[in-house]
Amino acid sequence: MTKHLKNNRLTFNEQCYALLSLIPKGKVTTYKAIAEALETKAYQAVGNAMAANPNPIKVPCHRVVNSNGAIGNYAFGVDKKIELLQSEGVIIQNGKVMDFKAHFFDFK
DNA sequence: GGAATGACATTTA
DNA sequence: CTAAATGCCATTC
């Protein structure tokens, strides 16, 4: 990049991580919700941010699923993502989140 | 600076 | 309901 301004604000990714770190155990959110919380429609960019997640320990990227209830993807494998979620109390069946609304964490 | 890429979403067939 | 096409936007090549 020739424009090394970066401004003073956090990168899009950092903002995503910040939001994710707010999600309590046993709750999930969607890429859409995160994007909306950042006041943008960069749904896909949110996914990219997760893929670039530098610290999976502090950032529970496994709590982010697709807006249609599907699990989506995960750096460590979808199966691993499912296991993590289930161990936190989120019911998953047939690769989809059951009672999605109940487990949904909204940033508003 | 521009093109390509992606852990998505929504609409249409 | 499933599948394909189209739109979006930040990041990376």
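We name chains A, B, ... by the order of the sequence lines, and we start the count at 1 in each one.
- Linking Ile, Leu, Val, Met, Phe, Trp and Tyr residues whenever their side-chain heavy atoms come within less than 4.5 Å leaves A/Leu20 and A/Val90 in two separate clusters.
- In this structure, A/Lys32 places its NZ atom 13 Å from C1' of B/dT11, rounding to the nearest Å.
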For nucleotides 1-4 of chain C, list the nitrogen or oxygen atoms of the protein found under 3.5 Å from its nitrogen or oxygen atoms, one pair per line.
none

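- For a distance-only test at 3.5 Å, the side chain of A/Tyr31 qualifies as a donor-acceptor partner of the base of B/dA7.
- A donor-acceptor pair is defined here as one N or O able to donate and one able to accept, closer than 3.5 Å; no such pair exists between the side chain of A/Lys96 and the backbone of A/Asn68.
- Residues A/Met50 and A/Leu84 do not share a hydrophobic cluster, clusters being chains of Ile/Leu/Val/Met/Phe/Trp/Tyr side chains in contact below 4.5 Å.
- Neither OP1 nor OP2 of C/dA10 sits under 4.0 Å from any side-chain N or O of A/Asn48.
- Along DNA chain C, the nucleotide nearest to A/Thr40 and the one nearest to A/Ala52 differ in position, and the one closer to the 5' end is contacted by A/Thr40.
- Counting non-hydrogen atoms under 4.0 angstrom, A/Ala45 reaches a base of the nucleic acid.
- Residues A/Phe100 and A/Val78 fall within the same hydrophobic cluster, defined by Ile, Leu, Val, Met, Phe, Trp and Tyr side chains chained together at heavy-atom separations under 4.5 Å.
- In this structure, A/Tyr74 reaches the bases: a heavy-atom distance under 4.0 Å links it to at least one base atom across the strands shown.
- Judged by distance alone, the side chain of A/Tyr17 and the main-chain N or O of A/Ala49 form a donor-acceptor pair under 3.5 Å.
- Between A/Lys41 and C/dA10, a side-chain N or O to OP1/OP2 separation shorter than 4.0 Å is absent.
- Straight-line distance from the CG atom of A/Asn66 to the C1' atom of B/dA7: 8 Å, rounded to whole Å.
- Between A/Ile34 atom CD1 and C/dA10 atom P the separation is 15 Å, expressed in whole Å.
- Straight-line distance from the CG atom of A/Leu38 to the P atom of C/dT11: 11 Å, rounded to whole Å.
- You'll find the side chain of A/Ile71 reaches within 4.5 Å of the side chain of A/Ile92, heavy atoms only.
- Remark: C1' of B/dC8 and CD of A/Gln44 are 5 Å apart, rounded to the nearest angstrom.
- Distance A/Leu84 CG to B/dA7 P: 18 Å, rounded to the nearest Å.
- Heavy atoms of A/Ala75 sit under 4.0 angstrom from at least one base atom.
- Using a 4.0 Å cut-off between a side-chain N of Lys or Arg and a carboxylate O of Asp or Glu, A/Glu36 and A/Lys41 do not qualify as a salt bridge.
- Nearest-nucleotide mapping onto DNA chain C: of A/Phe12 and A/Tyr43, the residue sitting toward the 5' end is A/Tyr43.
- One finds a side-chain N or O of A/Ser67 lying less than 4.0 angstrom from the OP1 or OP2 phosphate oxygen of B/dA9.
- One can place CG of A/Asn73 at 5 Å from C1' of B/dA7, the figure rounded to the nearest angstrom.
- Residue A/Asn13 contributes atom CG, which lies 13 Å from atom P of B/dA7 at whole-angstrom precision.
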